[in-house]
Amino acid sequence: MRLSQYFLPTLRENPAEAQIVSHRLMLRAGLIRQQAAGIYAWLPLGYRVLRNIERIVREEQDASGAQEVLMPTIQSADLWRESGRYDAYGPEMLRIKDRHDREMLYGPTNEEMITTIFRDGVKSYRDLPLNLYHIQWKFRDEVRPRFGVMRGREFLMKDNYSFDIDKAGATRSYNRMFVAYLRTFARMGLKAIPMRADTGPIGGDLSHEFIILAETGESAVFCDRDLVDKDILGRAIDYAGDLQPLVNEWTAQYAATDEMHDAARFETEVPAGRRLAARGIEVGHIFYFGTKYSAPMNAVVSGPKGEPITVEMGSYGIGVSRLAGAIIEASHDDAGIIWPESVAPFRIGLLNLKPDDGAVSKACNDLYATLRAKGVEVLHDDRDLRPGAKFADMDLIGLPWQVIIGPKGLAAGKVEVKNRATGARSELALDQVAATFAA
RNA sequence: CGGGGCGUAGCUCAGCCUGGUAGAGCGCUUGCCUUGGGCGCAAGAGGCCGUCGGUUCGAAUCCGGCCGCCCCGACCA
């Protein structure tokens, strides 16, 4: 993409409405614009990031065996009366009426709907296990939205729902999601730590929040430092096999959010040198809830002997739009955003330092065409601006690599390649650049 | 929902106390200059001062209602 033709309204100053760094940078880097409290429009650069996050989530869900569906944002009140949640949910739920005065709502979640879909389509234990997910906009009318997309009222969420014949099956489904989540966040360059979460009235130990560490995190967290360094991507995963050992490995060490924290246990179980007290952002939550919805909503299948079995369910959420902010919280510096390659809106920023120099512009245009032909995503800053402004904008939007072409280096056939994350610069022969990045 | 604050140019803000018809910096446009970290000079464009009403000869300014946004708290993917 040529920056001279791209809609990228960057801001030099911090908008007064934004307090935390990710919100400021998302506004300044032209990723989003607020439309109402907690409701945002995604501009071209931001939308590319959002789609990349979504893509990774989708790939890992598919790999785990979950199947994608798409449920509507608008639901009927009657559906929620079946589970008893219509009255229980409170003002957080956005309630609306259609022209026939029917009561509707903008869905804050989809347990009820998925349960009816399941109950209408699945009648036999042979059809289990089943895990369905979708990635859809949700609305929760938070009293006080804040932190930009980290806590908006409208947000994009991946949520899925597993259906099993018994607790053992539900545990296997839970473990598959547990591992898929580890992989999903790791692929986004995040250190996400699973922490035991409150299971409320259902009890048991099958609920985990996935927390990434960031100074601006919403809650205090405590864990064994060893968990931060564990690597999932190097491990072979067999979703058809027994994942319990792997899950055990990631849950053996102490890790808790402040509401589950037990200071005495923390000090007993974790050696002093490995005690990590930090702040965290919740980016995912997995939950086994048994028959909470299947029982009242009659999601029943026939067992081997023809007996009715109320299915065991779990639900699993990932805050897709929230992740855009969370990643920035975890990865930025004073100059701007530092995107991990997997979610970066473009891989390379190509800077033409002197657009009215024929040789420089030709080198830039040729390289741009070559990289594009090789499928490398490039944002080409061909604007007629001073170099300083280009450097500042490029650092702000945080593309992983900058390829800098100016008259000085070009005279020797050289261009400069800068790594945004490390700041490391190297000189490369112009004709080697394409090969370097096409790999 | 309780407490606090703020709505003036695209952005950050001044002006309001002490009413007299609107300003700065940045950004934008044009020209010149400059060209490896938001350069310089010059000339411009751009605002029914959130909204409705009241007071007044006159309201950005004083008073009231409403709307919107932000912060702290309680609540949350």
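Every chain is numbered from 1, with letters handed out A, B, ... down the list of sequences. Computed from a prediction, not measured in an experiment: that's the story for all the values here.
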Once you apply a heavy-atom cut-off of 4.0 Å, does A/G317 come out as touching a base, just sugar-phosphate, or nothing? nothing
So is the aromatic ring of A/F391 stacked onto the base of B/rG36, judging by whether the centres are under 5.5 Å apart and the planes are under 30° apart? no
Suppose you measure atom C1' in B/rG27 against the same atom in B/rU12; what distance do you get, rounded to whole Å? 11 Å
Atom-to-atom span, CG of A/L396 to C1' of B/rG37 - whole angstrom: 14 Å
B/rG4 versus B/rU8 - spacing of their C1' atoms, nearest Å: 22 Å
Pick the closest RNA chain B nucleotide for A/T10 and for A/F155 by heavy atoms, then say which residue is nearer the 5' end. A/T10
Do the ring planes of A/H380 and A/Y368 sit parallel (below 30°), tilted (30 to 60°) or perpendicular (above 60°)? tilted
Mind checking if A/D357 touches a base, just sugar-phosphate, or nothing, with heavy atoms under 4.0 Å? nothing
Any base atoms under 4.0 Å from A/A36, or only sugar-phosphate, or nothing? Heavy atoms, all strands. sugar-phosphate
If we take the P atom in both B/rG37 and B/rG44, what is their distance in whole Å? 32 Å
Establish, yes or no, whether a centroid distance under 6.0 Å links the rings of A/F178 and A/F210. yes
With respect to the phosphate group of B/rC76, does any side-chain polar atom (N or O) of A/R322 fall under 4.0 Å of OP1 or OP2? no
Aromatic ring proximity A/Y288/A/Y174, centre distance under 6.0 Å: no
Does A/F437 have its ring centroid less than 6.0 Å away from the ring centroid of A/W401? yes
Hey, is the side chain of A/R144 pairing donor to acceptor with the base of B/rG4 inside 3.5 Å? no
Indicate the ring-plane relationship of A/F266 and A/Y254, choosing parallel, tilted or perpendicular according to the 30° and 60° boundaries. tilted
Whole-Å distance separating the CD atom of A/E209 from the P atom of B/rA77: 7 Å
Does A/R151 make a side-chain donor-acceptor contact with the base of B/rC75, cut-off 3.5 Å? yes
Find which nucleotide of RNA chain B each of A/D395 and A/E154 is nearest to by heavy atoms, and output the residue with the more 5' nucleotide. A/D395
Verdict with reasoning, A/R172 to A/N175, per side chain to side chain donor-acceptor pair (under 3.5 Å): CA-CA 5 Å; A/R172 286 192 292 274; A/N175 288 346; over 6 Å; no
Protein-proximity profile, nucleotides 22-34 of chain B, B/S/- by nucleotide at the 4.0 Å heavy-atom cutoff, equals ---BSS------B
Taking the six-membered ring for Trp, is the centroid-to-centroid distance between A/F118 and A/Y293 below 6.0 Å? no
Within the 4.0 Å heavy-atom criterion, would you say A/A37 contacts the bases, only the backbone, or no part of the nucleic acid? sugar-phosphate
Using atom P of each nucleotide, how far apart are B/rG65 and B/rG5 to the nearest Å? 15 Å
Take the protein atom CZ of A/F7 and the nucleotide atom P of B/rG10, then report the distance between them rounded to whole Å. 14 Å
Just compare B/rG36, B/rA74, B/rG37 and give me whichever is closest to any side-chain atom of A/K418. B/rG37
Is there a side-chain contact between A/Q34 and the phosphate of B/rC70, meaning an N or O under 4.0 Å from OP1 or OP2? yes
Reckon A/G152 touches a base, only the sugar-phosphate, or nothing at all at heavy-atom distances under 4.0 Å? base
In whole Å, what is the span from the CD atom of A/E142 to the P atom of B/rC70? 13 Å
Taking A/R119 for its side chain and A/M297 for its backbone only, find out whether a donor-acceptor pair lies under 3.5 Å. yes
Assign A/R153 to base, sugar-phosphate, or nothing according to its heavy-atom contacts below 4.0 angstrom with the strands shown. nothing
Just to be sure I understand the rule, does A/K158 reach a base, reach only the sugar-phosphate, or reach nothing, if contact means heavy atoms closer than 4.0 Å? nothing
